[in-house]
2 protein chains.
Amino acid sequence: MLIRKQGNPLYKQIADLLEQEIHQFYKAEDSLPPEQELADRFSVNRHTLRKGIDQLVTKGLVERVHGRGVFVLSGPLDYSIGKASRFSANLVALGKGSDCRLLRKVEIKAQGNIAKSLELELGAPVIWLETLRSVEEKPLCVISHYLPKQRLGENPIEYQGGSLHAYLKGLGIKPIRKMSTVTAVLPMDDDATLLVMSSYQPILRVKTLNRDEVTGLPIEYALARFRADRTQLSINID
Amino acid sequence: MLIRKQGNPLYKQIADLLEQEIHQFYKAEDSLPPEQELADRFSVNRHTLRKGIDQLVTKGLVERVHGRGVFVLSGPLDYSIGKASRFSANLVALGKGSDCRLLRKVEIKAQGNIAKSLELELGAPVIWLETLRSVEEKPLCVISHYLPKQRLGENPIEYQGGSLHAYLKGLGIKPIRKMSTVTAVLPMDDDATLLVMSSYQPILRVKTLNRDEVTGLPIEYALARFRADRTQLSINID
DNA sequence: AAGTGGTCTAGACCACAGC
DNA sequence: CTGTGGTCTAGACCACTTA
């Protein structure tokens, strides 16, 4: 049935076969037969079978659940830009999300990129906030904020959610966005979970540095991860 | 050195270690030591080592070349979006050699988004150019350009490659970028092929509208698809 | 021919889910 | 407990590149 051939390895043939069968005979939520059973059926080692399934996982066709099985995912997603524009996030309006939940608040020591971007000494105290912003009840982006503790005045950080920039304003700080860089990647596991998305859809990664309008010193370094299918960054140039 | 622990498999630890080392000691184009050598060094099986490298490949950090080795990829190019920025200028500024190949040149009738963006009547003639731009011999992005024929003067479009904006300038047109939107998607098959990338790595989609500086009329509507692993868009806000 | 990555097998044990 | 996927080892051979 399966033939070893150059350029068409067994695991690929298996992936193709399974993909066909999935489209023909399976529906979303169905589980595939156990790996060992499939391996026996194709007369290959379980490792080879697994590699075949890996292809389908990467493709976003199926999903592995430890201890339970391999499950067929619902059909391909629509990546049309028209759909995305409904949820368009304006770059300038960033940080003004309608709902903002605080996931984490810790004090860490500045190091690497964070120290460099914030223009801090290594080891200087930094407040690390992790926020999740949703629009219309649907999670849109996760943002890691890094704030230099020493530049926040004597006030302890009591931010609990809502607009972070509004909170900072209350401390007499007015953050001004100076630079952003944008790139696209596939999400880390944690982010995929928070954003309730599959690991095979891209996310937009926006890195931003905000400076205090008064002192001109860096006041916030932020790394935002947007669900790309719900986001379109608009950049207007005057 | 490496410790077996739940939730932190060896291959992941290896990936993390290698990533660190790559950032510290390697530069683009460098090759990693052979797989067997690395496996010995970490005292793991070559399969386990390979799975670690797989992580880095997925991450876009390194690239495998059969029979030659594993090579470190160059970091993303920083592509800046600003008023006058053009592709060629961007890369020249980075000191990189670039190349622009014309893939297609057709005349079509304006419709839908194109007509709307270019502020044309439905059915008005539009020149559709498809270009592939490479940097250092490696494909970076595919761009679809839509030019309103009637605004190009009497000149037939004789553009054959190279800088498109330089060519337009020769026609007495100076395009100014007015708006861009950015989003991330998985590539269409054709684009993935042209960009020599996997269909599961995201691309950055940048939609741009350029207006003629003199008349203020839309002169170019462009839809660019960048390999996200080689691109970082910089947005500077004044 | 030698060196590199690519594929496959065989067998083992672990971790998680559900009965 | 049993059944599932997850990780790791050991060894083999193939395919591609370079010299």
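Here is how names work: the chains are called A, B, and so on, in the same order as the sequence lines, proteins then strands, and each is numbered from 1. Given the structure is predicted, the values throughout are model-derived calculations rather than measurements.
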So, [X] and [Y], do they make that salt bridge, N to O below 4.0 Å?
| X | Y | result |
| --- | --- | --- |
| A/Glu130 | A/Arg225 | yes |
| B/Glu63 | B/Arg230 | no |
| B/Lys51 | B/Asp54 | no |

[atom1] of [X] versus [atom2] of [N]: gap in Å, rounded?
| X | N | atom1 | atom2 | value |
| --- | --- | --- | --- | --- |
| A/Gln13 | C/dC8 | CD | P | 8 Å |
| A/Leu38 | D/dG3 | CG | P | 17 Å |
| B/Ile53 | C/dG5 | CD1 | P | 7 Å |
| A/Leu49 | C/dG11 | CG | P | 17 Å |
| A/Asp30 | D/dT4 | CG | P | 16 Å |
| A/Gln36 | D/dG3 | CD | P | 13 Å |
| A/Leu10 | C/dT7 | CG | P | 10 Å |
| B/Glu35 | D/dA15 | CD | C1' | 14 Å |

Taking only side-chain N and O atoms of [X], does any of them lie within less than 4.0 angstrom of OP1 or OP2 on [N]?
| X | N | result |
| --- | --- | --- |
| A/Lys51 | C/dT7 | yes |
| B/Thr48 | D/dT9 | yes |
| B/Arg68 | D/dT18 | yes |
| B/Tyr11 | D/dT7 | yes |

NA contact type, B/Ser43, heavy-atom cut-off 4.0 Å: base, sugar-phosphate, or nothing?
sugar-phosphate
Among D/dT9, C/dT9, D/dG6, which nucleotide has an atom closest to any side-chain atom of B/Asn45?
D/dT9
Options C/dT9, C/dG5, D/dC8, nucleotide nearest the side-chain atoms of B/Pro9:
D/dC8
What about B/Arg46: does its side chain form a donor-acceptor pair under 3.5 Å with the base of C/dG6?
yes
I'd like to know if B/His47 reaches the base of C/dG6 with its side chain such that a donor and an acceptor end up less than 3.5 angstrom apart.
no
Within the structure provided, determine whether A/Phe226 and A/Val182 are in side-chain contact (heavy-atom separation under 4.5 Å).
no
Does A/Leu204 reach the side chain of B/Leu204, with side-chain heavy atoms less than 4.5 Å apart?
yes
First of B/Arg50 and A/Gly67 reached from the 5' end of DNA chain C, by closest nucleotide
B/Arg50
A/Lys12 or B/Pro34, whichever maps to the more 5' nucleotide of DNA chain C
B/Pro34
